[in-house]
Amino acid sequence: MKITSIINGVEQAESNGETMEVRNPFTGELVAEMQLADEAQMEEAIENSVKAFNNTMKMMPAHERADILLRAAQLLEDKKEDFAQVVAIEAGKPIKHSRAEIQRSIQVIRFSSELSKHMTGEVLPMDAALRGDQRMGMVKRMPMGVIGAITPFNFPLNLSLHKIAPAIAAGNTVIFKPAEKTPVSAYMLTKLFHEAGLPDGVLNLVLSTGKVAGSTLVPHKKVPKITFTGSLTVGKIIRDTAGFKKVTMELGSNSPNIVFEDAEIDDAVERLVNAAFGYSGQVCVSAQRIYVQEEVYDEFLMKYKEATEQLKIGDPLDEETDFGPMIDEDAAERIQEWVEEAREQGATIETGGERKGTIVYPTIITNVKKEMKVVTEEAFAPIVTVMPFRTEDEAIENTNDSIYGLQAGVFTKDISRAYRVADKLEMGGVWINEASVYRQDNYPYGGVKLSGLGREGVKYAIEEMTELKFIGVRL
């Protein structure tokens with residue numbers, strides 16, 4: 001199929017401009033040909049978004065925004081298998097995981113529909129201040145205008161909707177720039193919103209390169225907010241380019257998980273296999289560092305290796321597949337080089353470490369040094385390091401010894417220890433007796449340090465996409 005940008009509700013005519021192929025990461029087969037937008041089309045999309053905000057969204061009552069979102073959720077429910085198949089094909093995500101992503105995506109839209117009717121402010125006690133008597137003050141949440149949403153390939157629907165649905169709920173318009181690797185689901189999603197009754201110009205899909213988005217969308221004076229999920233490298237560029245505007249960024253991680261000697265080992269093994277290798281480790285909060293207390297280290301490692309080697313590797317469209325390809329061969333080659341570098345520096349490859357095309361076999365690495373790349377940097381791949389520790393303080397120190405701080409997991413039966421460790425970990429989120437990879441769509445999600453700025457999770461995204469306005473009255 002051929003796909004183009006959708007601006008003001010209109011699919012853009014094919015031009016002599018640049019095109020890009022979208023290929024199935026598993027088979028290499030051509031999925032779609034994408035017509036890339038240029039700077040002029042990006043400008044057109046921004047202007048249409050501004051008009052739609054001023055002429056439509058500013059005046060649209062909350063119940064109408066809620067109804068549009070509810071219809072969109074129902075349409076996605078009706079078409080969930082079509083979307084799951086597309087995600088599996090263009091992203092290489094196993095079909096059972098793709099279906100789970102679609103189900104979560106439906107939930108994000110429904111959360112947004114509900115919360116669009118509950119954007120509450122507050123009434124302030126003005127008489128608490130000297131000379132404040134006979135005055136009334138209130139604070140309202142106001143939409144910002146045009147939101148620039150730049151999204152990644154790994155959860156092409158869910159992470160896009162974490163930006164789009166709250167933006168619409170808050171009364172904003174959106175310029176939607178999806179990842180070049182997964183534009184088909186973005187194209188389908190945009191058409192779905194229009195089918196649900198979203199007015200033209202409220203959601204403009206721009207299929208462009210990062211260069212066009214970085215030079216045109218990010219610094220544009222009529223775009224007051226950029227929300228981005230992606231790599232630390234690109235995040236730094238966006239932060240430098242955005243200037244004096246609000247930015248929400250969910251960036252990298254090398255998520256740690258701590259297994260204490262009193263943990264339920266079999267449960268921890270099961271959860272951490274999925275956490276490390278689900279979608280080939282291409283998840284921001286996938287388990288990359290596992291710290292295991294010395295008393296249970298050997299038991300954990302033996303069971304962890306056995307469980308990892310039972311994963312079924314193959315075609316993402318196969319119902320039984322647990323583990324498929326990485327997004328492209330460049331990504332697979334990169335991580336194979338990391339593994340070989342660790343091996344040369346003295347690490348032990350317990351299992352995996354091999355590559356076949358875009359498939360990198362699930363890899364467990366031990367005997368690592370804390371300065372190795374597989375420990376310090378974000379792998380975003382199916383590799384995990386397993387390291388022993390002696391004391392609680394040592395586990396905390398090792399966990400916090402990172403430039404990242406997105407999400408962590410702690411496995412223990414000791415509730416006092418669980419809360420004590422959670423408070424000391426330098427993370428945006430900590431799960432107790434759950435792996436770092438787990439996420440729900442209604443809690444504040446984001447990181448500290450170089451893992452990002454701001455928070456997502458529908459309620460918190462709405463707060464990030466609105467401005468507070470104070471209105472005072474002298475009675």
Side-chain angles (χ1 to χ4, degrees), residues 229 232 235 248-265 267-276 278 281 283-297 300 304 365 368-380 383-457 460:
T229 299
L232 173 59
T248 298
M249 293 195 290
E250 194 267 283
L251 305 175
S253 181
N254 53 4
S255 288
N257 290 263
I258 304 172
V259 181
F260 284 98
E261 50 83 23
D262 66 337
E264 290 283 358
I265 298 301
D267 179 67
V269 165
E270 179 184 351
R271 294 180 185 282
L272 288 169
V273 167
N274 175 66
V283 183
C284 300
V285 282
S286 65
Q288 186 176 329
R289 297 181 288 153
I290 301 178
Y291 298 99
V292 185
Q293 201 153 23
E294 286 181 346
E295 291 86 338
V296 293
Y297 179 82
F300 176 88
Y304 195 60
I365 308 174
V368 296
K369 300 179 179 69
K370 65 180 183 179
E371 63 272 12
M372 287 181 178
K373 191 180 294 183
V374 292
V375 178
T376 60
E377 299 187 24
E378 180 183 36
F380 213 64
I383 70 169
V384 63
T385 57
V386 183
M387 298 163 278
F389 71 89
R390 285 182 302 234
T391 67
E392 179 182 310
D393 288 342
E394 181 186 349
I396 293 168
E397 181 182 352
N398 290 338
T399 298
N400 288 340
D401 186 16
S402 175
I403 61 173
Y404 298 112
L406 187 49
Q407 196 154 274
V410 177
F411 292 83
T412 180
K413 294 176 186 173
D414 185 334
I415 192 66
S416 296
R417 173 198 279 161
Y419 279 108
R420 187 169 61 243
V421 172
D423 282 345
K424 291 180 180 179
L425 294 184
E426 297 166 356
M427 297 285 153
V430 178
W431 274 102
I432 298 166
N433 292 323
E434 181 59 88
S436 62
V437 79
Y438 186 81
R439 179 184 178 185
Q440 289 184 192
D441 300 298
N442 61 336
Y443 72 75
Y445 177 77
V448 299
K449 301 182 183 178
L450 297 185
S451 282
L453 297 168
R455 293 294 184 271
E456 290 192 338
Y460 306 93

(message) Quick check: closest heavy atoms across Thr391 and Phe389, and the distance to 0.1 Å?
(response) O-CD1, 3.2 Å
(request) Keeping the roles fixed (side chain from Arg455, backbone from Gly447), state whether a donor-acceptor pair exists under 3.5 Å. (result) yes
(request) For residues Ser451 and Gly252, report the shortest heavy-atom separation together with the two atoms involved. (result) OG-O, 2.7 Å
(request) Would you sort out whether Leu272 and Val259 count as a side-chain contact (heavy atoms from CB on, under 4.5 Å), showing the intermediate values? (result) CA-CA 10 Å; Leu272 288 169; Val259 181; 3.8 Å; yes
(request) List the steps, then state whether side-chain contact (heavy atoms from CB on, under 4.5 Å) holds for Leu450 with Leu251. (result) CA-CA 7 Å; Leu450 297 185; Leu251 305 175; 5.9 Å; no
(message) To the nearest 0.5 Å, what is the distance between CD on Glu456 and CE on Met249?
(response) 12.0 Å
(request) Taking all non-hydrogen atoms of both residues into account, name the closest pair between Ser255 and Ser286 and its distance. (result) CB-O, 3.4 Å
(message) Does any part of the side chain of Val292, heavy atoms only, come nearer than 4.5 Å to the side chain of Tyr304, both counted from C-beta?
(response) no
For residues 401-412, tabulate all N or O donor-acceptor pairs below 3.5 Å that involve a side-chain atom, not counting sequence neighbours.
residue : atom : partner : partner atom : Å
Ser402  : OG   : Asn254  : OD1          : 3.2
Ser402  : OG   : Tyr404  : N            : 3.0
Gln407  : OE1  : Tyr443  : OH           : 3.0
Gln407  : NE2  : Ser436  : O            : 2.9
Gln407  : NE2  : Tyr438  : O            : 2.7
Gln407  : NE2  : Tyr443  : OH           : 3.4
Thr412  : OG1  : Asp262  : OD1          : 2.9
Thr412  : OG1  : Asp262  : OD2          : 3.1
Thr412  : OG1  : Asp414  : N            : 3.1
Thr412  : OG1  : Arg417  : NH1          : 3.2

(request) Would you please test Met372 and Ile365 for side-chain contact (heavy atoms from CB on, under 4.5 Å) and show each step? (result) CA-CA 11 Å; Met372 287 181 178; Ile365 308 174; over 6 Å; no
(request) Spell out, as yes or no, whether a donor-acceptor pair under 3.5 Å connects the side chain of Tyr297 to the backbone of Val386. (result) yes
(message) For the backbone of Lys424 and the side chain of Asn400, can you confirm whether one donor and one acceptor N or O come within less than 3.5 Å of each other?
(response) yes
(request) Kindly compute the distance separating CD1 (Ile265) from CD (Glu270), expressed to the nearest 0.5 Å. (result) 13.5 Å
(request) Assess whether side-chain contact (heavy atoms from CB on, under 4.5 Å) is satisfied between Val375 and Arg289, documenting all intermediate values. (result) CA-CA 7 Å; Val375 178; Arg289 297 181 288 153; 3.9 Å; yes
(message) Other residues, nucleotides and ligands only: do more than 12 of their heavy atoms fall within 6.0 Å of CD on Glu397?
(response) no
(message) Is it the case that atom CD in Glu392 sees more than 12 heavy atoms from other parts of the structure closer than 6.0 Å?
(response) yes
(request) Locate the shortest heavy-atom distance separating Thr376 from Lys370; write the atom from each residue and the value. (result) CG2-O, 2.9 Å
(message) Would the distance check show the side chain of Arg439 and the main-chain N or O of Val285 forming a donor-acceptor pair, the cut-off being under 3.5 Å?
(response) no
(request) Please round to the nearest 0.5 Å and tell me the distance separating atom CD of Glu394 and atom CE of Met387. (result) 11.0 Å
(message) How long is the straight-line distance from CG of Asp267 back to CD of Glu434, given to the nearest 0.5 Å?
(response) 8.0 Å
(request) Look up atom CD1 in Ile258 and atom CG in Asn398, then write down how far apart they are to the nearest 0.5 Å. (result) 8.5 Å
(request) Measure the CZ-CG distance between Phe260 and Asn433 for me, rounded to the nearest 0.5 Å. (result) 11.0 Å
(message) I need the minimum non-hydrogen distance between Val283 and Gly278, along with the two atoms involved.
(response) CG2-O, 3.8 Å
(request) Please confirm whether the backbone N or O of Ala379 pairs with a side-chain atom of Gln288, one donor and one acceptor, at under 3.5 Å? (result) yes
